[in-house]
Amino acid sequence: MENLKKIFSPELIEKQWYSYWLKKGYFRASSDSEKSPYTIVIPPPNVTGILTMGHVLNATIQDVLIRKSRMEGYEACWIPGTDHASIATEAKVMTMLQEKNIKKEDLTRNEFLNHAWDWKEKYGGIIIQQLKKLGCSCDWERESFTMDAEYSRAVLEAFVKLYEKGLIYRGHRLVNWCPVSQSAISDEEVIHKEMQGKLWTIRYPLNGEDGAIEVATTRPETMLGDTGVAVNPQDDRYKKYIGKTINLPLTNRVIPIVGDEFVDPEFGTGCVKVTPGHDPNDFEIGKRHNLDFINIMNPDASLNENVIDKYRNLSREKAREKILEELNDKGFLVNQKPYIHNVGFSERGSVPIEYYLSEQWYLKMKTLAEPALKVVEEGDINFHPSHWVKTYNHWMKNIKDWCISRQLIWGHQIPVWYKKGENSNLPENIHVSVNGPDDPENWEQDEDVLDTWASSWIWPFGVHDWPQKSRDLEAFYPTTVLVTGPDIIFFWVARMIMAGKEFMGEIPFKDVYFTSILRDEKGRKLSKSLGNSPDPLDLIDQYGADAIRFSILMISPQGMDVLFSPERMELGRNFMNKLWNAARFVKMNTSSLETIPELGEVEHEFQLPEKWITSRLHITIQNVNRHINNFRFNEAVKTIYDFTWSDYCDWMIEISKISLYGDDLNRKKCVQTVAVSILRQVLCLLHPFAPFITEELWHHFKTSDEGDIIKTPWPVHDKNKIDSDAEQTMTVLQEVITSVRSIRSSMGVSPGKKADLVIRVKDGFLAKNYEYIIKFLGGISSIQSGENISKPPNSATAVVKGMELFIPLEGLIDVNLEKERLEKRKQELTRHYESVQRTLKNKKFLEKAPPPVVENEKKKLEEMNLELEKLTSNLEMLN
RNA sequence: GGGCGCUUAGCUCAGUUGGUCAGAGCGCCGCCCUUACAAGGCGGAGGCCACAAGUUCAAGUCUUGUAGCGCCCACCA
């Protein structure tokens, strides 16, 4: 077998099979096909992104589903693509510009965009190449990018439709503001972190009379924007002040004291400084009491011209320092206490966000949410695991309007135009359309772009150039299943469902599978920003793509986070090597077969091992199907692993050696046929999980009229091949062999040395029929069996299902060791015997338990009893 | 403050609807370079399934409570 090396080397085969599949066009899906479609759209990774292990898990699952459905005869269509990721990409472009010493302010919009596209062409889409290395069988000719011309048109189309429906409006209010990207961000992009901060108490002197009010705050610098102080109107301490005013320290301003139910008298001092321009609660209070709204910050969160001179242009941090100093110097600072509170951080900028007054575009969500809630509620869309439904419902039911405008350039510019020089608040001065006004020279387009998620939310139909009606759209929408991480359930999944219902009138997918979140040893999410995600490409180089795919699935149970470490990939590598060598063995020992034989020719000659392994195979097929259908990929993989390693390699192949090395040609052919046939089925079952090695090996075992494994029919389980008699007998045989081996090992019989075996048993069927197997696998030279045989002197004993096994060990036997061994077994058995006995003495059990369960318990008791008797008598003989 | 999840062998975890002496991988111990595979083979040690109560003939599995850990959501200055 010169072409199959002893150790599997994935690097030698992966590349060539991938280009072969591509060349053959196997990944292509046609909307004209007669076959039923099976469609997945990839969650489009950021163009800026590189592959993480999270993507590997996610993509492997999709590839498993696609490859399996392709083998099952569906028109499998996996649509790949990337997301323009406006904030992330713009940040990268900014970094590049900085390196080139170019300032964004000096560039026109188009010049900036040109730089951005240059960057995208040069560095973007690395991740697509990486997905190919992993073996993903995407239809690459359908690759989409969220800023492709057609896709962009679809995005704008969606905006215009919603605007025309009255669901999109412009609002001047507080938004979450990221000072780094200097843009508004949505509520979902704000991450709350618990921080150790301080709570300062500041004295605000009353205006026109003696006395003062004390307020507590975590952000003293915002006092420069205070336009009021609020107390609870029920609070006897303070209600007398309502309607009066105070002199705001450090400024020359006089601001009113108002009564508002929002104030909790128990908290802090019971008085709240009100900064309507920089705090959402204060914003509401301000509106209720007609307070002024002062914006004291620039877009980068430094203080602006609305504050007194000496604080202008200071950063918010520096301003806080100075203000506290001055308050303290002037006697306004009463005290400061350590205080733990939540601070909102920008998802991308990783700095605290600011609440900032600005004009933004909003999408009304309530009406969109209703149908989306319904389809999940009624089971048109199913989540796996289902507990995510609660999270989804909770968010949907409390949904707030979505701020969809961003003060960025890279993205879809909002398709709204304002008449030059006119009041843009009047409807007649606003134009909204995909193509813009007929007289563009008189209009100015809105400068903002859309939130990235306001483009990716139409992904399942946007990739088919909606709203054009195409065959593709008809054939491949709705998609079959969505595979994604639970972290984007609000960002993306929920919004896609809303968009699907709104624009297509139909759900975008029937099932959603939420993958495990991968964490490092410290429990932190693997992410590129933390730098704790090993480079999957390195792991692929080290272990092979098949091994990585297989391992990551094996360690990722449904609905649970995974502690990832690179060493865990060894399990897959070892398995691939095992499979490789099993195939080598089969290949080496079946060269006498001229063609791959039909199973039917030899099936009538099946003996126990062949019947057994066939039965095991069909149970395996059944279970693999069940697990995949239930989205339990770890179980599916484990099932194949166990069958291949334990049943096929450890038992079937070992047993087959007897016939393969023997001279019974019929027997040999039968065993060869079965060995090949089972291996072929294993390769098919495994192909979706480990595509490269299975394709490679397949070509050693396929018939001349069969094609590549990627298009070979998926195995079908046949109930008639499940043979429980064979399985039971085989189990006993395995126990006999294991017992013999155990005795040998514990008595220190060297592996090379053959032993004799004496079996005392009523029914000698097993010992007679499978003597050759017991001898071969147990290292036994002769077997003697019968009902009235007496125990040979100096022999070690084991009891298996009514059989007493004796191995004469003359001289080798250590009586104490043997006693210990039997005692231990006896104790163990007695414990279980007593527990079963208790169960059977329980009248209620006998009355209420289903008869088969009762029967089973009785049988167990009987068998245990028999074994106990034999153990006891053998133990007595040792004394 | 609300919601969700987790707690099983030294480590990382499986265990789908309650019912075969509780499983795997890694690690550990012993023996083996046996002509498919030392990335391997054979044998073995190791667990009151977090704790408590309940439902049931029967609980790792269902219910409730307790403790610890983790995640998500929420405007208390």
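A, B, ... follow the sequence lines: proteins, then strands. Residue 1 opens every chain. This one's a predicted model, so the numbers in the text were calculated from it and none came from an experiment.
Contacts of A:Asn577 with the nucleic acid, taken as non-hydrogen atoms under 4.0 Å apart, include base atoms. Contacts of A:Lys824 with the nucleic acid, taken as non-hydrogen atoms under 4.0 Å apart, involve only primed sugar atoms and P, OP1 or OP2. At a threshold of 4.0 angstrom between heavy atoms, the contacts of A:Tyr543 with the nucleic acid are absent. Within the 4.0 angstrom heavy-atom criterion, only backbone atoms of the sugar-phosphate kind lie near A:Glu635; the bases stay farther away. Note on A:Cys271: nothing from the nucleic acid sits closer than 4.0 angstrom, heavy atoms only. Contacts of A:Ile7 with the nucleic acid, taken as non-hydrogen atoms under 4.0 Å apart, include base atoms. Residue A:Lys397 is classed as having no contact, given no heavy-atom separation below 4.0 Å to the nucleic acid. Residue A:Pro280 is classed as having no contact, given no heavy-atom separation below 4.0 Å to the nucleic acid. Counting any heavy atom pair closer than 4.0 Å across all strands shown, A:Val263 reaches a base atom. A:Trp200 comes within contact range of no nucleotide atom at all, as no heavy-atom separation falls under 4.0 Å. Residue contacts for A:Arg219: at a heavy-atom cut-off of 4.0 Å it reaches no nucleic acid atom on any strand shown.
Here B:A77 is the nucleotide among B:C4, B:C72, B:A77 with the atom lying nearest to any side-chain atom of A:Asp264. Looking at the side chain of A:Thr217, the nearest of the listed nucleotides B:A14, B:A36, B:A77 is B:A77. Listed nucleotides: B:A36, B:C32, B:C75. Nearest to the side chain of A:Asn581: B:A36. Distances from the side chain of A:Asn842 to the nucleotides B:U16, B:C57, B:C37 place B:C57 closest. Here the side chain of A:Asp650 is nearest to one of B:C73, B:G25, B:C42, namely B:C42. With B:A77, B:G40, B:A36 as the candidates, the nucleotide lying closest to the side chain of A:His341 is B:A77. Nearest nucleotide to the A:Asn574 side chain, out of B:A74, B:A77, B:C26: B:C26. In this structure, of B:C31, B:A36, B:C76, it is B:A36 that holds the atom nearest to the side chain of A:Glu654. In this structure, the nucleotide among B:C72, B:C13, B:G43 sitting nearest to the side chain of A:Thr738 is B:G43. Comparing B:A38, B:C76, B:G43 by their nearest atom to the side chain of A:Phe267 picks out B:C76.
Between A:Phe383 and A:Trp388, the ring center distance fails the sub-6.0 Å criterion.
Considering CD1 of A:Ile7 and CZ of A:Arg573, their distance stands at 8.5 Å, rounded to 0.5 Å. We find the CG-CZ distance between A:Leu579 and A:Phe8 to be 8.5 Å, quoted to the nearest 0.5 Å. Rounding to the nearest 0.5 Å places CE of A:Met560 at 10.5 Å from OG of A:Ser556.
A:Asn581 contributes a side-chain N or O that, together with a main-chain N or O of A:Lys6, makes up a donor-acceptor pair within less than 3.5 Å. The backbone N or O of A:Ile191 sits nowhere less than 3.5 Å from a side-chain atom of A:Glu347 that would complete a donor-acceptor pair.
One finds no side-chain N or O of A:Lys390 lying less than 4.0 angstrom from the OP1 or OP2 phosphate oxygen of B:G5. For the OP1/OP2 pair of B:G41 and a distance below 4.0 Å, the side-chain nitrogens and oxygens of A:Trp645 include at least one atom meeting the criterion. Between A:Tyr392 and B:G3 there is no side-chain polar atom (N or O) within less than 4.0 angstrom of OP1 or OP2. Look at A:Lys858 and you won't find any side-chain N or O under 4.0 angstrom from OP1 or OP2 of B:G19. The side chain of A:Tyr339 places an N or O atom within less than 4.0 Å of a non-bridging phosphate oxygen (OP1 or OP2) of B:A77. Applying the 4.0 Å criterion to OP1 and OP2 of B:G43, one finds that A:Arg741 has a side-chain N or O inside that range.
Side-chain atoms of A:Tyr204 and A:Asp226 form a donor-acceptor pair, as typed in the model, at a separation below 3.5 Å.
For the pair A:Lys578 and A:Tyr641, the cation does not sit on the ring face, since its NZ or CZ is not both under 6.0 Å from the ring centre and inside 45° of the axis.
Comparing A:Ser750 and A:Ile555 against RNA chain B, the residue whose closest nucleotide sits nearer the 5' end is A:Ile555.
In summary, A:Glu863 and A:Lys860 do not engage in a salt bridge, as defined by a charged side-chain N under 4.0 Å from a carboxylate O.
Figure legend. B:C51 is base-paired to B:G65; pairs are counted as Watson-Crick or G-U wobble with both atom distances under 3.5 Å. Summarising the base pairing, B:C71 is matched to B:G3 through a Watson-Crick or G-U wobble pair whose two defining distances lie under 3.5 Å. The pairing partner recorded for B:G43 is B:C29, the criterion being a Watson-Crick or G-U wobble arrangement whose two distances lie under 3.5 angstrom.
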Protein-nucleotides 21-23 of chain B N/O pairs closer than 3.5 Å?
from  : atom 1 : to       : atom 2 : distance (Å)
B:C21 : OP2    : A:Lys860 : NZ     : 3.1
B:C21 : N4     : A:Arg825 : NH2    : 3.1

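In the interface, the side chain of A:Lys578 is paired with the base of B:C37 through a donor and an acceptor atom under 3.5 Å apart.
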